[in-house]
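Note sheet for the following structure.
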Amino acid sequence: MTAAVPEIRSTCPYCGVGCGLRLRREADGGVAVQGDVDHPANAGRTCSKGSALAETLGLEGRLLYPVMDGRRVEWDAALDRVAQVFSDTIARHGPDSVAFYVSGQLLTEDYYVANKLMKGFIGSGNIDTNSRLCMASAVAGHKRAFGSDTVPGVYADLDLADLVVLVGSNLAWCHPVLFQRLMAAKTERPELTIVVVDPRRTMTARNADLHLALRPGSDVALFNGLLAYLHEQGRMDGAFVADHTSGLDAALAVARDLSLPEIAEITGLNQADLKRFYDLFARHERVVTAYSQGVNQSSCGTDKVNAIINCHLLAGRIGRPGMGPFSITGQPNAMGGREVGGLANQLACHMELDNPDHRRVVQDFWAAPRIADKPGLKAVDLFRAVKAGSVKAIWIAGTNPVDSLPDADDVQAALRACPFVVVSDVLQVTDTARHAHVLLPAAAWGEKNGTVTNSERRISRQRGFLPLPGEAKPDWWIFAQVGRRMGWADAFTYETPAEILAEYARLSGAENHGRRDFDISALGGITAEDYDALTPFQWPWPAGQPRNDARRFFADGQFYTPDRKARFIATPWGAAAEQPGDEYPLILNTGRIRDQWHTMTRTGRSPRLMGHIAEPFVEIHPADAADHGIAPASLVMLRNPRGHAILRALVSEEQQRGTVFAPLHWTDQLSAQARVDVLVNPATDPVSGQPELKFTPVTVQSYAAGWYGFAVLAERPATPPVGYWTLAPARAGWRLELADQTLPQDWTALARGLFGIGEDEGVDLLAYHDAAAGQHRFAAFNGERLIGALFVAPQPVAVSRAWAADQLSVPFATATARLRLLAGRTGTDQPDRGAIVCACFDIGSRQIAAAVAGGCATVEAVTAATQAGGNCGSCRSEIRRIIDGLSIQKAG
Ligand code: SF4
């Protein structure tokens with residue numbers, strides 16, 4: 001029996017809210033996860049993803065030892081090879097012939113060492129991060145306006161605001177704990193007004209007082225109109241603008257280029273809604289404009305950010321309680337990455353590569369032999385350079401660019417062609433790891449120690465509470481070892497992450513004296529014990545000053561530009577370069593779903609999380625579906641000249657006409673042909689380099705499946721030999737969706753292959769065929785245990801997925817029970833729960849519908865009756881929708 005160990009306080013590894021968690025190893029080896037009531041970011045709340053972390057800790061599929069050219073090797077051999085090939089490549093082709101592509105999942109200490117190695121010792125700027133895909137436009141917008149990448153406000157501003165404008169942010173699904181905080185503020189003060197600016201009617205939009213479903217890409221026109229309106233209505237803070245800003249005239253001249261009718265035309269919004277929004281903004285002093293990937297992931301993302309900031313500068317609404325522009329970051333340590341210099345155009349500690357003074361400060365501090373003297377390649381350009389052959393060795397750490405970058409098949413081709421690819425990751429097999437010459441086993445969340453920064457500049461500890469499995473090592477250790485072997489042993493002597501944080505903190509104070517925003521030099525002498533005990537704090541925290549955990553920036557009008565004034569930026573509206581047309585008439589928007597994270601390497605392991613949405617889909621408006629001959633729940637092919645993806649059609653009025661939405665999460669590991677980023681436009685913002693992940697012209701057509709199948713399986717099957725499949729873990733096995741355009745030669749052979757049973761094994765295989773109707777069903781039993789069941793039909797199979805998956809844990813003692821399963825009929829003893837709505841308590845849609853039918857007319861009543869919505873609250877909007885839907889049916 002394992003002895004219980006004390007509770008560990010750590011930070012969630014998913015989104016940029018940065019929730020504090022309390023983790024306890026149970027005596028039976030399990031792990032209990034709870035929100036940390038003392039963590040200021042979440043005060044004990046978690047969302048469905050954070051709550052399910054314990055289900056994602058298994059070692060199945062983990063990379064446990066270094067692999068070189070497909071063979072297990074010792075660490076020394078792998079590290080020597082990486083150091084040797086990088087050194088040789090640099091010697092022959094120069095420092096810019098190598099690159100690192102890292103991740104917002106890395107801890108700050110990992111990032112610091114990787115960045116120091118590349119920029120200070122290799123001497124190239126070629127380190128970029130997947131955070132380029134997340135918030136580079138926010139960084140660039142901040143720097144243009146403020147002279148620094150500073151988030152002015154804090155989460156408490158959401159509690160204090162009278163108007164919250166959410167732009168391009170499905171906060172309810174992507175930052176659920178922050179959304180719950182906002183909803184709690186709204187309950188407390190119903191007069192708090194929420195405006196959502198988003199082309200889609202998301203779960204967030206459903207909770208808004210005003211939803212502006214603008215046309216994709218038209219945000220700049222909307223906010224230019226607001227700037228002009230505020231000025232016209234006399235809402236300018238004249239003293240603030242005169243004393244602390246510059247550039248208003250040019251910004252205003254551009255903003256005035258568009259009349260209200262023109263803005264209505266561009267945005268697709270009616271003038272009354274525009275006026276209502278503009279008037280709300282004008283009337284409320286305490287306004288927070290929070291924005292996320294819908295703003296950033298655009299070829300004009302930086303202009304969108306500045307168009308928003310311009311409005312706050314004009315009204316002087318920045319840096320004071322309850323007001324300001326607020327970038328909500330996607331990843332757990334995207335902020336830490338931008339502080340530490342993880343982007344190709346930055347140095348550490350918010351210093352800039354194109355600033356000679358900053359280069360000198362950093363080079364002197366590191367005693368580095370050289371320092372990169374120009375920005376490196378940003379993510380999209382970096383992989384283009386790999387494909388073109390100018391980057392000849394690349395090290396990818398903790399990210400999966402073959403799935404997440406735009407034009408993803410081109411990225412795959414680049415890695416296939418690259419002479420030397422190193423991947424450090426926690427998993428043996430990912431779509432990117434397949435291309436590695438050297439695979440390095442990295443420590444995962446729960447095993448490693450370090451710090452992360454959340455969206456409100458709060459630095460928190462991630463603490464290990466599990467042993468390092470196999471030969472896995474922390475990323476900082478791996479980068480430091482390579483640095484030593486490349487000849488810089490003295491610069492990479494770290495033995496602990498505490499030493500790294502202390503060095504980083506000292507660098508942040510080097511020649512700073514208040515000239516730079518990022519300063520945590522108070523931690524410059526941190527000991528290992530203090531590092532272990534470090535509680536969450538907000539930067540800045542300069543040496544010799546008390547800690548200030550509610551610091552806002554810029555209320556004093558002091559910015560980080562040379563003249564200390566903020567800059568208005570003229571942001572002319574322009575349409576995206578690649579527009580829909582006759583051949584590709586729909587705009588593809590990609591994004592996250594509630595219960596998944598990135599490429600599902602962790603969340604895809606949790607049956608509860610996969611139970612919410614288990615299959616890749618494309619959401620399409622009913623009129624567009626009709627125009628393209630798409631039936632609900634059928635399979636469709638999304639296509640453009642870059643590639644295609646096969647997805648399930650979700651026909652929904654929540655989607656704006658002319659647009660489709662597809663989740664970014666699915667990879668070749670859990671599906672066939674569902675990597676949506678193969679379609680995505682690789683155009684980038686000219687300032688930030690952030691790609692256009694939300695605006696790609698595509699067309700859609702029916703997949704013309706000859707048959708559809710659904711299976712539940714006790715064991716994970718080998719790759720199914722069919723055109724379409726997608727796999728999801730269930731509580732006691734797997735769920736599998738199948739389809740193909742041609743019929744298999746032998747249905748029984750297909751079933752046996754999926755079930756993993758040979759001809760002569762002692763299993764009972766039941767089969768039912770109605771060839772005329774195209775119906776085939778199989779169920780295989782080993783004793784009373786279900787091994788697998790397969791349902792085939794000419795249309796999408798109408799069997800309850802949740803019910804069928806539950807049958808894997810039910811004993812089948814009688815022939816009646818087996819035949820009922822084969823018929824796909826639920827029994828009163830085994831009710832159909834429906835798709836999972838509440839992942840925390842595993843409550844399905846049918847259970848909620850039953851509660852509503854039984855008289856529960858409010859979310860609170862449903863929670864009292866079923867528990868659904870009673871933990872993290874992420875599903876409360878969906879419960880509301882079920883209630884509303886049933887009310888409409890009753891009224892009808
Ligand atoms: S909101 Fe959810 S995913 Fe984000 S940090 Fe908190 S628990 Fe993790």
Side-chain angles (χ1 to χ4, degrees), residues 8-23 31-57 104-105 107 131 134-135 155 158 166 169-184 202-204 290 292-293 326-337 444-446 450-463 536 591-606 608-610 612-613 663-665 838-840 869 871-878:
I8 298 286
R9 291 185 176 186
S10 189
T11 312
C12 176
Y14 298 124
C15 83
V17 179
C19 295
L21 302 175
R22 293 184 180 198
L23 307 148
V31 173
V33 181
Q34 270 187 318
D36 184 350
V37 289
D38 295 327
H39 197 293
N42 58 316
R45 293 187 181 101
T46 58
C47 75
S48 49
K49 293 186 286 291
S51 303
L53 270 164
E55 292 172 33
T56 68
L57 299 174
Q105 307 290 126
L107 305 183
S131 297
C134 164
M135 39 33 51
Y155 290 162
L158 292 173
L166 297 169
S169 165
N170 186 4
L171 205 69
W173 276 20
C174 300
H175 300 94
V177 164
L178 219 45
F179 180 72
Q180 291 308 322
R181 182 172 183 158
L182 180 61
M183 288 295 104
T202 60
M203 283 297 168
T204 310
S292 204
Q293 316 320 3
F326 204 145
S327 151
I328 309 291
T329 53
Q331 300 197 83
N333 200 27
M335 285 282 276
W445 178 83
T451 52
V452 290
T453 311
N454 74 0
S455 301
E456 60 164 354
R457 291 176 279 106
R458 189 177 299 281
I459 296 179
S460 302
R461 281 289 320 275
Q462 264 194 25
R463 293 184 175 88
R592 291 197 215 148
I593 57 174
R594 191 192 78 186
D595 287 353
Q596 293 303 324
W597 179 255
H598 281 196
T599 54
M600 304 164 83
T601 50
R602 184 179 286 279
T603 47
R605 292 163 169 256
S606 162
R608 277 194 293 155
L609 296 181
M610 287 300 284
H612 179 232
I613 296 175
L664 58 87
H665 306 291
C838 172
C840 296
N871 183 36
C872 74
S874 306
C875 61
R876 293 172 68 83
S877 302
E878 281 157 273

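Atoms within a ligand are numbered from 1 in the order they appear, just like the ligands themselves. It should be emphasised that the depicted structure is a prediction, and the values quoted were computed from it without experimental measurement. For the single chain, residues carry numbers from 1 onward in sequence order.
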task = Kindly confirm whether atom 2 (Fe) of ligand 1 is within less than 2.8 Å of some N/O/S atom in Cys12?
result = no
inquiry  = Under 2.8 Å from atom 6 (Fe) of ligand 1, can any N, O or S atom of Cys15 be found?
reply    =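 So Cys15 does not bind atom 6 (Fe) of ligand 1 by this criterion.
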note = Ranked by distance from atom 6 (Fe) of ligand 1, the top protein heavy atom is Cys19 SG, 2.3 Å
inquiry  = For atom 2 (Fe) of ligand 1, what's the nearest protein heavy-atom neighbour? Residue, atom name and distance, please.
reply    =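 That would be Cys47 SG, 2.3 Å.
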ask   = For Ser455 and Thr329, which heavy atoms make the closest approach, and how far apart are they?
value = OG-OG1, 2.8 Å
message = Minimum heavy-atom separation for Cys12 and Leu53, please, with both atom names.
response =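 Between these two residues, the closest heavy atoms are SG-CD1, 4.4 Å.
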Side chain of [X], backbone of [Y]: donor and acceptor closer than 3.5 Å?
X: Thr56; Y: Arg605; value: no
X: Arg45; Y: Val177; value: no
X: Ser48; Y: Cys840; value: no
X: Arg22; Y: Gln34; value: no

Which atoms of ligand 1 have any heavy atom of [X] under 4.0 Å away?
X: Gly18; result: 5 (S)
X: Val177; result: 1 (S), 6 (Fe)
X: Lys49; result: 3 (S)
X: Tyr14; result: 3 (S)
X: Pro176; result: 1 (S)

task = Classify the angle between the aromatic ring planes of His612 and Trp173 as parallel (below 30°), tilted (30 to 60°) or perpendicular (above 60°).
result =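 His612 and Trp173: perpendicular rings.
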